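Worksheet: the structure to be examined is printed underneath.
Numbering starts at 1 and runs along the sequence shown. Side chains included, hydrogens not; waters and symmetry mates left out as well; all remaining heavy atoms used. Everything quoted here is computed from the prediction, not taken from an experiment.
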Amino acid sequence: MDIKPLNRDFAISPQIDLADLPAIAAQGYKAIICNRPDNEEKGQIAATELREAAERLGLEFAHAPAVSGAITDANVEAMASALARLPRPILAFCRSGARSTKLYDLASSRSQSAPVVHIHDVVIVGGGAAGIATAASLLKRNPKLDIAVIEPSEEHYYQPGWTMVGAGVFEKEFTRRTEAQVMPSRVNWIRAAASDFAPDENKVTLSDGGEVRYRVLVACPGIKLDWNAIPGLADTIGKNGVTSNYGYDLAPYTNRLVKQFKGGRALFTQPAMPIKCAGAPQKAMYLSCHRWEKAGVLKDIDVQFHTAGAVLFGVAAYVPALMEYVERYGAHLNFESKLVAIDGAAKVATFERKGSDGTRRVEERFDMIHVVPPQVAPDFVRTSSLAAASGFIEVNEATLQHVRYPNVFALGDACSASNAKTAAAARK
């Protein structure tokens, strides 16, 4: 099988066989167009047989035959119709691939003067936990939905697992899959980044200039970790005893630091909300203390927790149970204490602390520090017409429906809901 992509959405190949179909699906193609008439040559597999096998694999199929060297206007119209209605990317084939290329060029030329715009039933921006879970849930209820997922990354990470990597429970590779492994098989995966929303026109603009149109939009592009918001952090993270479980390549450093730590000052920080998984900053501390307690070195470690918030946890019912561990491990709590600068080489962290006499800056020495970076909405979300004043996508908290565009929904870390957002809690 010799597949030749002509662009992101369309490829051609010579005659395919039944045995080729699983590989075609595995490569992310969502539909097949057969441009050969049946019985064109001896032993040729019938289009209906290919259709049945393709549909069993979740691939859509169209038969738009044309005679080689005698392509008619009706053939071009049939090709244009198939291109307009089928999910993408599409693989078209004929005997050699030449006829499919010609039909595609003619249909594309025709559509430039009379555009045929493909409108997906649902477009999901973001192939993280929120996006793929939504796509799978919708398809389970209605397998005939035309769903497109816009996601540029080839890798998918189970980020809640990074806390366990930092604790030495998982290897980091356990939290990574290819995006193809987790993407629902019947969606049209658009491997590009979204760059803008145009909700008045029901379209999403891509970073390569392409456009994707929808009937319903579900926006869940995640959240941006702003490592540069704290002066000195970007220069020292991953060395000098400065670590974070909020990075795939950083969590193993947390594990290494905690394992080797025998005494000294260990700081754990939490920035102002919103952040993803509001419990993760504390989990880093509790799991580290648990290991130090088992190793018999906890008594020699000064554990400090600095949170920009005024309380230990936003859900009051959980606080008594958490305080049992705070007291057991002898951790000192510093409320309304915000990390504002760090000097890794000097091992000094600077905090802004609120007190009865106002806000003042305090320098704290450390031997190791676990930092959670401030987090903001992605740049293209903050500048879009979907954004609230906070920069996040403005939704009704009860329905996750946009307050101004009824066919737009948002979920995951990018929406403006005030609750602490975590896939682990939603999944449970």
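- Of the charged side-chain nitrogens involved, at least one lies within less than 4.0 Å of a carboxylate oxygen, so that Asp208 and Arg8 count as a salt-bridged pair.
- Using a 4.5 Å heavy-atom cutoff, the side chains of Ser416 and Ile393 are not in contact.
- The environment of NZ in Lys338 is sparse: at most 12 heavy-atom neighbours from other residues, nucleotides or ligands sit within 6.0 Å.
- Salt bridge annotation for Arg291-Glu293: absent, with no cationic side-chain nitrogen under 4.0 angstrom from a carboxylate oxygen.
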*Just do the side-chain hydrogen bond (donor to acceptor under 3.5 Å, both in side chains) check on Thr254 and Thr243 with the steps written out, would you?*
CA-CA 6 Å; Thr254 304; Thr243 190; 2.7 Å; yes
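- A centroid separation of less than 6.0 Å is found between the aromatic rings of Trp292 and Phe261.
- Residues Lys144 and Leu139 form no side-chain contact, since every pair of their non-hydrogen atoms from C-beta on lies 4.5 Å or further apart.
- Looking at Arg365 and Asp367, a side-chain N of the basic residue comes within less than 4.0 Å of a carboxylate O on the acidic one, giving a salt bridge.
- Salt-bridge check for Glu364 with Arg353: passed, with a basic side-chain N closer than 4.0 Å to an acidic carboxylate O.
- For His290, the NE2 atom is loosely surrounded, since the number of other residues' heavy atoms within 6.0 Å does not exceed 12.
- Listed by chain and number, the residues in a ring pair (Phe, Tyr, Trp, His ring centres under 6.0 Å) with Phe170 are Phe174 (sequence neighbours excluded).
- Note: Tyr214 and His120 fail the aromatic proximity criterion, with ring centroids not under 6.0 Å apart.
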*Can you list the steps and then say if Lys224 with Gln375 is a side-chain hydrogen bond (donor to acceptor under 3.5 Å, both in side chains)?*
CA-CA 6 Å; Lys224 177 183 176 181; Gln375 293 160 44; over 6 Å; no
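- For Arg186, there are no salt bridge (Lys or Arg N to Asp or Glu O under 4.0 Å) partners two or more places apart in sequence or in a different chain.
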